[in-house]
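Whatever order the structure lists ligands and atoms in, that order sets their numbers, starting from 1. Just the heavy atoms: all of them, side chains too, but no hydrogens, waters or symmetry mates, feed the values below.
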Amino acid sequence: MRFSKRVVLVTGGARGIGAGCTRVFSREGAFVAVVDRDLEAARALVEALPHPAVAIQADVSSESQILEAINETIARFGQLDCLINNAGIHPPDTPLTAMTPEQVMDVLRVNFLSTYTTCYYALEHLKKTKGTIVNISSMTAVLGQRNSTAYAASKGAQLSFTKSLALECADFGIRVNAILPSNVDTPLMRSWAATLADPDAALERIAALQPLGRMADVEEIGRVCLFLATEDSSFITGQGLQVDGGASLDY
Ligand code: NAD
């Protein structure tokens, strides 16, 4: 019980990596606020959890919905110990000239501005608990990704934001870190692969990118989040932890 009766808010917590985080924290005794635009999926997950949790419908591209979600979490559980900014989208494989600046803004709004906004509203609560923030960035933040300029830039923004906010939050005893996964087997990964010419071959190729020979499981990312949220990582802040099965090695 490494997070017993402590409260974690997970954006995009109903599916994929977010669901992995939700399950890992709940098993450790946490009260989880599963914030997702898909209320049905969030409710189904919450019902299956071993400890109290709440499903909250919110689109993280909306500032007012983020504020409501945080307020609802505090109203229900009274405090906030960890904020996991996980909700994100990956547009289909698109070269720069095929994506308009307005479409880029849509990606930034969900993948980056939501991270800024949740922190903006959650900080006062995290100060009271000396809590932690974990931002789910991506290896694309440091490696880039072909035909994904907007996505990679949004993830890079999350990473530099993490470092700057960690500096600002150190005085409050709040630690801020990011996780940079390479490839994780999630609904997003599978729907992105489906936009490519041969999805099955693409998934095999993507699995082979990791020297460990496979993609990560969502709970493997959830366990790294738990590490960054507990005293086990008490001297780590402002870091982008590369959780990539070795994918960045062996140039
Ligand atoms: P996913 O699509 O499988 O799950 C995302 C969840 O977030 C869904 O439940 C969805 O409903 C929710 N969501 C999406 N947009 C939302 C919005 N605007 N408001 C509220 N909820 C929203 O995705 P995933 O693969 O689990 O990815 C989660 C995060 O991890 C993303 O930020 C992604 O960029 C990052 N990431 C994923 C991988 C990967 O290989 N899957 C690799 C690196 C980083």
If I apply the N/O under 3.5 Å rule, does [X] come out as touching ligand 1?
X      : value
Val60  : yes
Arg37  : yes
Val110 : no
Lys155 : yes

What's the shortest heavy-atom distance between Cys21 and Val10, and which atoms?
->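 Scanning both residues completely, I find the closest heavy atoms to be CB-CG1, 4.3 Å.
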
Where the closest heavy atom to [atom] is concerned, which of [options] has it?
atom                    : options                       : value
atom 2 (O) of ligand 1  : Ile89, Ile179, Leu188         : Leu188
atom 44 (C) of ligand 1 : Ser154, Ser137, Gly12, Gly88  : Ser137
atom 32 (O) of ligand 1 : Asn183, Val184, Asn86, Asp244 : Asn86

Taking the six-membered ring for Trp, are Phe112 and Tyr116 parallel (under 30°), tilted (30 to 60°) or perpendicular (over 60°)?
->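 Rings of Phe112 and Tyr116: perpendicular, over 60°.
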
What residue and heavy atom of the protein are closest to [atom], and at what distance?
atom                    : answer
atom 25 (O) of ligand 1 : Thr186 OG1, 2.5 Å
atom 18 (N) of ligand 1 : Asp59 OD1, 2.9 Å
atom 26 (O) of ligand 1 : Ile17 N, 2.7 Å

Quick one: do Arg2 and Asp232 make a salt bridge, cutoff under 4.0 Å?
->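 Salt bridge: yes.
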
Give the C-alpha distance, both sets of side-chain angles, the deciding distance and a yes or no for side chain to side chain donor-acceptor pair (under 3.5 Å) between Gln158 and Asn111.
-> CA-CA 8 Å; Gln158 271 186 313; Asn111 287 6; over 6 Å; no

Do the side chain of Asp244 and the main chain of Pro181 share a donor and acceptor less than 3.5 angstrom apart?
->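 No, because the side chain of Asp244 does not come within donor-acceptor range (under 3.5 Å) of the backbone of Pro181.
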
Under 3.5 Å, is there a donor-acceptor pair between the side chain of Asp81 and the main chain of Val7?
->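 Here the side-chain-to-backbone pair exists.
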
